[in-house]
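A short write-up of the structure that comes next.
If you're wondering where the values come from, they're calculated on a predicted model, not measured in any experiment.
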Amino acid sequence: MRKQLTPIASFLAGFVLVLLIANGCRPRQDSLAKDTPAANPYDIEMDRFDSEIRAFQSIDARSRIQSDVHLFVGSSSIRKWETMQADLAPHAVLNRGFGGSTLPEVNHYFEQLVAKYQPKTIFLYEGDNDIAIEAVQPDDVLVEMVKFDSLVEAHIPGTPIYCISVKPAISRKNILDKAHQTNQLLQAWTAEQPNWNFVDVASPMMDGDQIRSDIFVSDSLHMNARGYELWTAEILPILQQLDSE
């Protein structure tokens, strides 16, 4: 499914990017082309979730994955969506959320987590843990998103990708503005990409300018059933449209 932008949508996407750049949130996509790479702001061990990836491989060895599966990959907000199959029934979905992962880790494990399934569609949720790292800025997330796009085009070109917005969380309300900036940047960028779409789950998780308090478990970071109901309301109609085409 290739997205055709109207002139108005294209103008708005460009306008948002200009505003973000003016406020110091400049996407550094050009750094990917430089001979000397930019310093990596992520201070993480890239193999810290190896055991979870091996567990997926063990499950795959015993299971048959449908060829038209909708793949959900990302961090613990995906991993902890234990009712995903029931919530999104009757659509074929596969949950490959792991750890408290970041986008560079999804890119690191791309072949094991994404390419091997040849999914019909990819739903990607990352950025939440990325911006919780003090040195990581919204444009760093965009740089990693561009890398993810390149990996998709190299391994499974043309696959539709749905970027799920960074969710607000009470335990991380100190970086709420950073989350808003990240979402604005990603929404503007995805609007300009032919195979990308943006899924706004952040807005229904807010009550005006306050984060809703009734949608989280006791850690005030991960969602309860009510929180996942909000996500289901945004994602299920997308699956219905995709599977009707």
Side-chain angles (χ1 to χ4, degrees), residues 42 44-130 132 144-145 147-167 169 195-197 199 201 216-217 219 221-225 227-232 234-236 238-240 242-243:
Y42 289 86
I44 54 177
E45 296 293 334
M46 295 302 290
D47 61 352
R48 60 181 178 160
F49 296 123
D50 274 1
S51 61
E52 292 190 41
I53 304 306
R54 288 194 296 271
F56 288 146
Q57 293 171 338
S58 178
I59 293 171
D60 292 344
R62 304 190 304 269
S63 308
R64 180 179 177 276
I65 307 300
Q66 292 185 221
S67 59
D68 59 346
V69 72
H70 301 284
L71 177 66
F72 285 74
V73 64
S75 62
S76 55
S77 292
I78 297 296
R79 175 173 59 86
K80 289 179 174 289
W81 194 349
E82 297 176 354
T83 59
M84 177 185 290
Q85 288 191 330
D87 292 343
L88 301 179
H91 307 281
V93 297
L94 180 64
N95 188 326
R96 285 296 177 263
F98 65 105
S101 61
T102 61
L103 190 48
E105 288 164 305
V106 170
N107 290 337
H108 177 68
Y109 293 116
F110 183 87
E111 291 190 31
Q112 300 100 309
L113 280 175
V114 182
K116 68 176 293 185
Y117 301 115
Q118 296 291 298
K120 178 177 181 178
T121 314
I122 301 166
F123 286 81
L124 174 65
Y125 180 76
E126 287 291 1
D128 189 348
N129 296 315
D130 301 60
E144 294 297 327
M145 202 67 75
K147 292 179 183 178
F148 183 87
D149 180 62
S150 297
L151 288 167
V152 172
E153 288 307 301
H155 293 273
I156 41 177
T159 303
I161 309 164
Y162 286 81
C163 176
I164 301 174
S165 66
V166 176
K167 76 179 195 299
N195 296 316
W196 284 77
N197 299 271
V199 184
V201 298
F216 297 97
V217 297
D219 65 4
L221 174 62
H222 297 101
M223 293 178 293
N224 58 24
Y228 283 115
E229 285 175 3
L230 298 178
W231 281 38
T232 299
E234 300 299 323
I235 294 171
L236 186 56
I238 297 172
L239 293 175
Q240 290 169 338
L242 288 168
D243 285 342

Locate the shortest heavy-atom distance separating [X] from [Y]; write the atom from each residue and the value.
{"X": "F49", "Y": "G100", "result": "CZ-N, 3.3 Å"}
{"X": "L88", "Y": "T232", "result": "CD2-CG2, 4.2 Å"}
{"X": "E45", "Y": "E105", "result": "O-OE2, 3.9 Å"}
{"X": "C163", "Y": "M145", "result": "SG-CE, 3.9 Å"}
{"X": "L221", "Y": "A169", "result": "CD1-CB, 3.8 Å"}

Can you check whether [X] reaches [Y] side chain to side chain, under 4.5 Å on heavy atoms?
{"X": "P160", "Y": "N195", "answer": "no"}
{"X": "K116", "Y": "E111", "answer": "no"}
{"X": "V152", "Y": "I161", "answer": "yes"}
{"X": "D243", "Y": "H70", "answer": "yes"}
{"X": "P104", "Y": "M46", "answer": "yes"}
{"X": "F72", "Y": "I235", "answer": "yes"}

(message) Is it true that D47 and H108 share a donor-acceptor pair across their side chains at a distance under 3.5 Å?
(response)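 No pair is found: no donor N or O on one side chain lies under 3.5 Å from an acceptor on the other.
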(request) Would you tell me whether R62 and S58 have side-chain atoms, one donor and one acceptor, within less than 3.5 Å of each other? (result)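 Present: a donor and an acceptor within the cut-off.
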(message) K147 vs L103, test: side-chain contact (heavy atoms from CB on, under 4.5 Å). Steps then yes/no.
(response) CA-CA 9 Å; K147 292 179 183 178; L103 190 48; over 6 Å; no
(message) Looking at Q85, I want to see if its CD is surrounded by more than 12 non-hydrogen atoms of other residues, nucleotides or ligands under 6.0 Å.
(response)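 Result for CD/Q85: open.
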For [Y], does its backbone N or O pair with a side-chain atom of [X] as donor and acceptor, under 3.5 Å?
{"X": "E153", "Y": "G158", "result": "yes"}
{"X": "D219", "Y": "H222", "result": "yes"}
{"X": "K120", "Y": "L71", "result": "no"}
{"X": "N95", "Y": "I78", "result": "yes"}
{"X": "Y228", "Y": "S77", "result": "yes"}
{"X": "Y117", "Y": "L94", "result": "no"}
{"X": "N107", "Y": "E144", "result": "yes"}

(request) Evaluate side-chain contact (heavy atoms from CB on, under 4.5 Å) for L151 paired with V114, printing each intermediate quantity in order. (result) CA-CA 10 Å; L151 288 167; V114 182; over 6 Å; no
(message) Checking Q240 now: which residues fulfil side chain to side chain donor-acceptor pair (under 3.5 Å) with it, not counting sequence neighbours?
(response)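 For Q240 there are no side chain to side chain donor-acceptor pair (under 3.5 Å) partners, ignoring immediate neighbours.
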(request) List for me each residue that meets side chain to side chain donor-acceptor pair (under 3.5 Å) alongside E126, sequence neighbours excluded, and say none if there are none. (result)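 Partners of E126 by the side chain to side chain donor-acceptor pair (under 3.5 Å) criterion, ordered by chain and then number, come out as S101.
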(request) Mind checking ring-ring contact (aromatic ring centres under 6.0 Å, His included) for F148 and listing every partner two or more places apart, or none if nothing turns up? (result)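 With neighbours one apart ignored, the set is F110.
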(request) Apply ring-ring contact (aromatic ring centres under 6.0 Å, His included) to Y125 and list each qualifying residue two or more places apart in sequence or on a separate chain. (result)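 Per chain and number, Y125 pairs via ring-ring contact (aromatic ring centres under 6.0 Å, His included) with W231.
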(request) Start with the C-alpha distance between F123 and I164, add both sets of side-chain angles, then the distance that settles side-chain contact (heavy atoms from CB on, under 4.5 Å), and finish with yes or no. (result) CA-CA 7 Å; F123 286 81; I164 301 174; 4.2 Å; yes
(message) Test: salt bridge (charged side-chain N to carboxylate O under 4.0 Å, His left out). Region: residues 72-91. Which pairs qualify, not counting sequence neighbours?
(response) none
(message) As an exercise, state the distance from CD1 of I65 to CD of Q118, rounded to the nearest 0.5 Å.
(response) 13.0 Å
(request) Any chance you could measure E229, atom CD, to L236, atom CG, to the nearest 0.5 Å? (result)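 The CD atom of E229 sits 12.5 Å away from the CG atom of L236.
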(request) Can you sort out the partners of E234 under side-chain contact (heavy atoms from CB on, under 4.5 Å), two or more places apart, ordered by chain and number? (result)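 Partners of E234 under the side-chain contact (heavy atoms from CB on, under 4.5 Å) test: V199, V201, P204.
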(message) Using the rule side chain to side chain donor-acceptor pair (under 3.5 Å), only one of T102, D130, N129 pairs with Y42; which is it?
(response) D130
(request) Step by step, work out the side-chain contact (heavy atoms from CB on, under 4.5 Å) result for I156 and I122. (result) CA-CA 11 Å; I156 41 177; I122 301 166; 3.9 Å; yes
(request) Kindly confirm or rule out a cation-pi arrangement of R96 over F56, judged by NZ or CZ under 6.0 Å from the six-membered ring centre and within 45° of its axis? (result)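 Yes, a cation-pi geometry.
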